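All values reported here derive from a predicted model rather than from experimental measurement.
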Amino acid sequence: MTHTSSPIARKRIAGCVFILAFIGVSIYFGIRAWKWNSDFHEWIDAKPMQMTVDLRTPSTHSAPFTQTCVVAHSQSIYVAYENPDANDKNIAEHFAGLKGTVTIRNPTGTEIRTEHFDAESIRLWGDDPTLVGFRPFSNGEYTAEIEIQHGASKIEGTQHELYARNDLCGLELLPAYVQGAI
């Protein structure tokens, strides 16, 4: 006696397999969407580098730079500068005379990025002025070297906090939305 399954049983099995596959794919892409969204919010809040320097005197400073975001439009180094008189039109005057370079090095000391800055290139972005911007590079641990070649003659104080931020616009969340929709 041979036993054959009925066409209804085959359809039920195929339907169950399809539903299980759909549930598995939904869970997979849901987790990926959640992970991308949480990474994005970490990237927004991250400060890959922080250091305190004197922008008035020629000197060289270095600090660790932890790169975690390669999808940013760019990364920028900002100066924590609280002066109510600073605006887009006069920010260069506040940093008059400033000239220097930022160099990012990998753990072996190889140069990854070098960007020059001066008073004319400084722009007020949000609350703090942008000292310099550069393209993102591979994730990992690096060292940021800030060389002040010529000091800012009009800036107040001797200690200025510099910090790096990821420049993100929100479009980087698109993969999370697409994965969530899937």
Completion exercise
Output for pair (Arg105 CZ, Thr143 OG1), nearest 0.5 Å, gives 9.0 Å
Handout entry: Sub-4.5 Å side-chain heavy-atom contact between Gln75 and Phe65
Key = yes
Completion exercise
Rounded to the nearest 0.5 Å, the CD atom of Gln149 sits from the OG atom of Ser59 at a distance of 11.0 Å
Practice task
Mark yes or no for whether Arg165, through its side chain, and Ile44, through its backbone, hold a donor-acceptor pair below 3.5 Å.
Solution key: yes
Exercise for the section: Evaluate the ring planes of Phe137 and Tyr142, with Trp represented by its six-membered ring, and classify them as parallel (under 30°), tilted (30 to 60°) or perpendicular (over 60°). Expected result: perpendicular
Practice task
Any chance you could measure His160, atom NE2, to Thr52, atom OG1, to the nearest 0.5 Å?
Solution key: 10.5 Å
Practice task
Examine distances only and state if a side-chain atom of Arg113 and a backbone atom of Pro136 form a donor-acceptor pair shorter than 3.5 Å.
Solution key: yes
Problem - pair Ile104-Glu111: side-chain heavy atoms closer than 4.5 Å - result: no
Completion exercise
When rounded to the nearest 0.5 Å, the distance separating NZ of Lys47 from OH of Tyr78 is 11.0 Å
Exercise for the section: Report yes if some heavy atom in the side chain of Pro129 is under 4.5 Å from a heavy atom in the side chain of Phe95; otherwise report no. Expected result: yes
Practice task
Check whether any side-chain heavy atom of Leu98 sits under 4.5 Å from a side-chain heavy atom of Leu131, and report yes or no.
Solution key: yes
Exercise for the section: Look only at the side chain of His61 and the backbone of Val53, and say whether a donor-acceptor pair between them is shorter than 3.5 Å. Expected result: no
Practice task
Could you tell me which non-hydrogen atom of Ala119 sits nearest to which non-hydrogen atom of Gly97, and how far apart they are?
Solution key: CB-N, 4.0 Å
Exercise for the section: Show your working on side-chain contact (heavy atoms from CB on, under 4.5 Å) between Thr130 and Ile122 and close with a plain yes or no. Expected result: CA-CA 6 Å; Thr130 304; Ile122 294 175; 6.0 Å; no
Practice task
Could you check if a side-chain atom of Ile77 sits within less than 4.5 angstrom of a side-chain atom of Phe117, using non-hydrogen atoms only?
Solution key: no
Fill in the blank from the handout: The reported gap from OG in Ser121 to NE2 in His116 (rounded to nearest 0.5 angstrom) is 11.0 Å
Practice task
Without swapping roles, check the side chain of Thr110 against the backbone of Asn106 for a donor-acceptor pair under 3.5 Å.
Solution key: no
Practice task
Taking all heavy atoms of Ala164 and all of Pro48, pick out the closest pair and write down the distance.
Solution key: O-CD, 3.1 Å
Practice task
State the OG-CE distance between Ser62 and Met49, to the nearest 0.5 angstrom.
Solution key: 10.5 Å
Practice task
Side-chain contact test, heavy atoms from C-beta onward, threshold under 4.5 Å: evaluate it for Thr57 versus Ile148 and give yes or no.
Solution key: no
Problem - Stepwise side-chain contact (heavy atoms from CB on, under 4.5 Å) check, Glu115 with Thr101 - result: CA-CA 6 Å; Glu115 298 292 335; Thr101 60; over 6 Å; no
Practice task
Verify side-chain contact (heavy atoms from CB on, under 4.5 Å) between Val79 and Asp128, making sure each step is shown before the conclusion.
Solution key: CA-CA 6 Å; Val79 180; Asp128 292 328; 5.9 Å; no
Exercise for the section: Take Asn139 and Thr66 through the test side-chain contact (heavy atoms from CB on, under 4.5 Å) and record every step on the way to the result. Expected result: CA-CA 8 Å; Asn139 287 346; Thr66 303; over 6 Å; no
Handout entry: ILVMFWY network linking Tyr28 to Leu20, side-chain heavy atoms under 4.5 angstrom
Key = no
Practice task
Check whether the side chains of Gln67 and Glu141 place a donor and an acceptor atom closer than 3.5 Å, and report yes or no.
Solution key: no
